Amino acid sequence: MKKGDHLFLVDGSGFIFRAFHALPPLTRKSDGLPVGAVSGFCNMLWKLLTDARDTSVGVTPTHFAVIFDYSAKTFRKDLYDSYKANRSAPPEELVPQFGLIREATRAFNLPCIETEGFEADDIIATYARQAEAIGADVTIISSDKDLMQLVTPNVHMYDSMKDKQIGVPDVIEKWGVPPEKMIDLQAMVGDSVDNVPGIPGIGPKTAAQLLEEFGDLDTLLERAGEIKQVKRRENIIAHAEQARLSRRLVQLRTDVPLDVDLEGLILEPQNGPKLIGFLKAMGFGTLTRRVAAACDCNADEIDAAVVEVEWGGAAHGPDLDAPAPAGEASAANASAPASNGKPAAAGSVIVGEARPADLAQARADFYATAKIDKSCYITIRDVEVLDDWIRAAYETGVLAFDAEAASIDPMQAELAGISLGLPDNAHTPAGGEIRSAYLPLGHKTGDGDLLGGGLAENQLSMKEALDRLKIVLEDPSVLKVGHNMKFAYLLLKRYSIVVQSYDDVMLMSYVLEAGKGGQTLDSLSERWLGHVPMTFKEVAGSGKAGLAFDMVDIERAMTYAAEKADLSLRMWFVLKPRLVAERLTRVYERLERPMLATLAEMEERGITIDRQILSRLSGELAQRAAAIEDEIYHLAGEKFTIGSPKQLGDILFGKLGLPGGAKTKTGQWSTSAQVLEELAAVGHELPRKIVDWRQLTKLKSTYTDALPGYVHPQTKRVHTSYSLASTTTGRLSSVEPNLQNIPIRTTEGRKIRTAFISTPGHKLVSADYSQIELRVLAHVADIPPLRQAFADGVDIHAMTASEMFGVPVEGMPSEVRRRAKAINFGIIYGISAFGLANQLSIERSEAGDYIKKYFERFPGIRDYMENTKAFAREHGYVETIFGRRAHYPDIKSSNPSVRAFNERAAINAPIQGSAADIIRRAMVRMEGALAKAGLQHKARMLLQVHDELIFEVEDDAIDETLPVVISTMENAAMPAIAMRVPLKVDARAASNWDEAH
DNA sequence: CCCCAACCGTA
DNA sequence: GTACGGTTGGGGG
């Protein structure tokens, strides 16, 4: 265990009693064995282990243990004979469940810890303090007040039934004293359940007040004479010794001898078959299905484990936990799974101990050749049929679906229909049968009805169908599978359906194959299934003859839509085990899938733009561009299309005979801004004018003219769409409109930002990471002077210049710093002498000297670059610090420039990608962090621009919001990664984006 | 109507 | 030198 790790300690005994009393009694169907507490226990563990949303618990465990009481006889009994004396024997139904719960823990592949002579609480205390000493974080899964003395900034408690975290402030709020004083408080108050005597007449409130006044119990007992209230004073003096004894009873021991050390608590991967074997033995159907879906096992292929249990009066025997002799166990494995009752043996025999990679390969092979029969797709036109499909979805626990709409804008489009896909449970995945259907709901007739196209005949009523579908789409026990689910999520939200519990094969493929090609359903289908699906164009036509999807004939639409559901489900069967085999499930579940809802909500909120500002700017830009146009024609001696690089090149380098610079890849003279600037620098007037004209027309056409067209007719706001799966590195992209390239560098451009405004009574808050990519570089390449500079908060570019050129930071010429800054950026981009020379307008040889000097000064960076290239060549991909992969299939190209390009990209990807992962983590957690501070209705995240988040915040909530946003962003890498450099975030509020940034 | 090249806005 | 998306002009079908 190391710093930054996170240990989860489950108070198993506490939970058994709580589960037993809080839940209705439950007995096993086959024989009436009471299993209510076992069921509650298993559900809690499963929820804890799979809480993919990362919001309620907020952390990822690296180590995990479930702790139990060994027996009633502990050291406390020796201290005080009456300790827990009035506790009655456990209820009869609970007795057989103690052993089963330990079996359950082992079935979950979790350490099951107990120590003779100590209570679970003491073991928890010992582990917690040991882990804390190493610098790890600890979460104790319990709400027992006896454990609250352990809470520190690094040790939290978590009440999993109330989904509530308990930290230092929560203890203070509840008991009026900080955790370290809980021992004294409990000693005074006593505990009638455990028979801790305490001091008569002192309750929690009085105790807290006395501790506040006197500091601690010893001081209080010493100076008890000072207490004014007669009765209280006498009680305290008379029971001083009893209070001291009570303290020894409530104080948890942190020196329990442990059979299993912290290393032994490392969280092992789930063993799906083993767990399913146990759950089936218990008869827990719902949880079995859930686990099977998550582990991608077919529960039908796994037999129930044989779990021995004695009940009906007899005490559970100690031999339940005793290991079977090795010989017997293997004999049992060879013959039948039932002979010795070990669930592990039973599970592993049945599945033949297939490795995840083998399962993934078998699936891929199967679906690559499976026939796709479109003739069995059906159209759902009856409620009874729809109900059958929904019922079947509950049976299989998996439902593929897709929403078809009249246009591609989920914020505006009308729903046309819904396609559904179901695994045929008797056969899938071995048989690969998938049923698929289309439910048309909003198709219109295209005939010449003067009243306009009415609803096509023979469709179920939208309301009736959606009321039924809402149940299953919102039910977390049925996993919805689709491709690009953000679209359906947003569309259906407008129909009051919030899809819960889903997998998106587009995102699954992106995690597996970013950089290897597109993630459209078409390309996935071709790559994995060897099948070319129908295209939208084939179905709806294109251009002038193209139809909106709701105008397409229903039977035509049906085949297209049902095929999408079918293919999505096939892809899910292929990709889910592949994620497990490649160990990328975490990346998918933590960095990818939860972003779907986060981004959908941001897109839905949108941002207000001031159309008047843009319209005024457009007018100004038009006038100024027109004026420059006249000057250009005058200087050129003729009219021409200034926006045509071809015509412009003819004028500049042909007619006027200016010296040409760079060529484009098609051999034309380049007219890039850089070339024109260089000509302007040596005194030519026309190139300067062209540069100015281009700037003005660019701002006008791309921003001031285009943005108002994106204002939504109802919301009056601009709703961008984020693409989660279109970059190789893990960054998002923003389209229609792209709000990630709004100008900022020039004063003219900045004016466009003033048009992005907050709604009345609110401000925009912009929070951006400072130098995040250089910090990531300092972390991954582990460069001591860079780490030091960031730790000290000094000017990183000036420091670099100072180290390289030996110039003191004080009074450094700006040109020296500028060069160092260019080099720092160059490093992030996989530097080349050619590129750096270009950037700084210096000779290649001089740029090469700079790079050499840089590597001499920071040899770790050269090592990082070489290691990264070698890794990329060996594996074909590189990884971010969170394990996201970026693939570079052309890294070994025989073309030297192609190869070099791939190498630079591979060097850049871990840096850019890690930064992208960090802000993703911040975004996924942001909603929970704001809600925890009570700000969920006052502060809303609207936009992401790679290293910046933009919020809209109520005026009176800004002071509270800023620290929440800043700390969520700055701590976003934790606890998965403890960065070697601090992350820094700057944030400010203003009424428009220009001033907020 | 579709696609590509060139250019340029952002991080 | 990295990563994107949008606009324009222009060529081909």
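By convention in this document, chain letters (A, B, ...) are assigned in the order of the sequence lines, proteins followed by strands, and residues within each chain are numbered from 1. Since the model is a prediction, treat every value here as computed from it, not as a measurement.
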What range of DNA chain B does chain A touch, first nucleotide to last, counting atoms under 4.0 Å from its heavy atoms? B:dC1 to B:dA11
Salt-bridge test for [X] and [Y]: reply yes if a basic N is under 4.0 Å from a carboxylate O, no otherwise.
{"X": "A:Glu603", "Y": "A:Arg717", "result": "no"}
{"X": "A:Glu592", "Y": "A:Arg884", "result": "yes"}
{"X": "A:Lys655", "Y": "A:Glu638", "result": "yes"}
{"X": "A:Asp890", "Y": "A:Lys892", "result": "no"}
{"X": "A:Arg688", "Y": "A:Glu677", "result": "yes"}

If you check the [X] side chain, which of [options] turns out closest?
{"X": "A:Ala905", "options": "C:dA3, C:dG1, C:dC4", "result": "C:dA3"}
{"X": "A:Lys646", "options": "C:dG11, C:dT2, C:dG5", "result": "C:dG11"}
{"X": "A:Asn908", "options": "C:dA3, C:dG9, C:dT7", "result": "C:dA3"}
{"X": "A:Ser726", "options": "C:dG10, C:dG1, C:dG5", "result": "C:dG5"}

Find the distance between CG (A:Leu584) and CD (A:Glu513) and round it off to the nearest 0.5 Å. 10.5 Å
Phosphate oxygens OP1/OP2 of C:dG10: is one of them under 4.0 Å from a side-chain N or O of A:Gln647? yes
Examine C:dG5: is either OP1 or OP2 under 4.0 Å from a nitrogen or oxygen in the side chain of A:Ser723? Give yes or no. no
Atom CD1 of A:Ile823 to atom P of C:dT2: distance rounded to whole Å? 17 Å
Separation of C:dT2 atom C1' from A:Arg731 atom CZ, nearest Å, is 8 Å
Mind checking if A:Ala916 touches a base, just sugar-phosphate, or nothing, with heavy atoms under 4.0 Å? nothing
Looking across every strand, which nucleic acid part, if any, lies under 4.0 Å from A:Leu732 by heavy atom: base, sugar-phosphate, or nothing? nothing
Taking atom types as modelled, is there a side-chain donor on A:Thr727 or A:Tyr510 under 3.5 Å from an acceptor on the other? yes
Donor-acceptor under 3.5 Å (A:Ser670 side chain, A:Thr664 main chain): no
Using Watson-Crick and G-U wobble pairs whose two distances are both under 3.5 Å, how do you write the pairing of DNA chain C as dot-bracket, with | for links to another strand? .|||||||||||.
